[in-house]
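Below: one structure, written as structure tokens.
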Amino acid sequence: MNAIHLRIRGRVQGVGYRASMTREARRLGLSGWVRNRLDGSVEGAAVGDDDAVAALVEWAHRGPPAARVTEVEARPLAGPSGFEGFEQLPTA
């Protein structure tokens, strides 16, 4: 099992990034969450099989077709990570 925290920057809000990431994470069998940040970035956390987490990080560099990703930070997730499913959270 692997747990990561993601921060994605670029043109990633208003382009369906959160909904697309939710679909991709669920397809990969991951648990976690994704949300917009007030600074214009997208933030998320994902927990699951090492290969599935790596695939989501790779996907995050592309995002949906309308996105223009300029940076992806992926760090190990500290603390408890007992997420149920994968969901979109309110902007923070």
Measure across [X] and [Y] and return the closest heavy-atom pair with its distance rounded to 0.1 Å.
{"X": "T22", "Y": "E87", "value": "OG1-C, 4.5 Å"}
{"X": "A60", "Y": "V72", "value": "O-CG2, 3.7 Å"}
{"X": "V53", "Y": "A46", "value": "CG2-O, 4.5 Å"}

Straight-line distance of [X] [atom1] to [Y] [atom2], nearest 0.5 Å:
{"X": "E24", "Y": "F86", "atom1": "CD", "atom2": "CZ", "answer": "10.0 Å"}
{"X": "R37", "Y": "I8", "atom1": "CZ", "atom2": "CD1", "answer": "12.0 Å"}
{"X": "L56", "Y": "M21", "atom1": "CG", "atom2": "CE", "answer": "4.5 Å"}
{"X": "T70", "Y": "H61", "atom1": "OG1", "atom2": "NE2", "answer": "10.0 Å"}

Same cluster for [X] and [Y] if Ile/Leu/Val/Met/Phe/Trp/Tyr side chains link at under 4.5 Å?
{"X": "V34", "Y": "V47", "result": "no"}
{"X": "V42", "Y": "W59", "result": "yes"}
{"X": "L77", "Y": "L89", "result": "yes"}
{"X": "L28", "Y": "W33", "result": "no"}

Problem - Salt bridge present between E71 and R7 (N-O < 4.0 angstrom) - result: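 Judged by the 4.0 Å cut-off on N to carboxylate O distance, E71 and R7 do not form a salt bridge.
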Whether the side chain of [X] engages the backbone of [Y] through a donor-acceptor N/O pair (distance < 3.5 Å, no angle test) should be reported.
{"X": "E73", "Y": "R9", "result": "no"}
{"X": "R18", "Y": "V15", "result": "no"}
{"X": "Y17", "Y": "R11", "result": "no"}

Problem - Side chain to side chain, F83 and L30, heavy atoms closer than 4.5 Å - result: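 No, too far: nothing below the 4.5 Å cut-off.
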Practice task
Please check if any side-chain donor atom of H5 sits under 3.5 Å from a side-chain acceptor atom of E43, or the reverse.
Solution key: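 Present: a donor and an acceptor within the cut-off.
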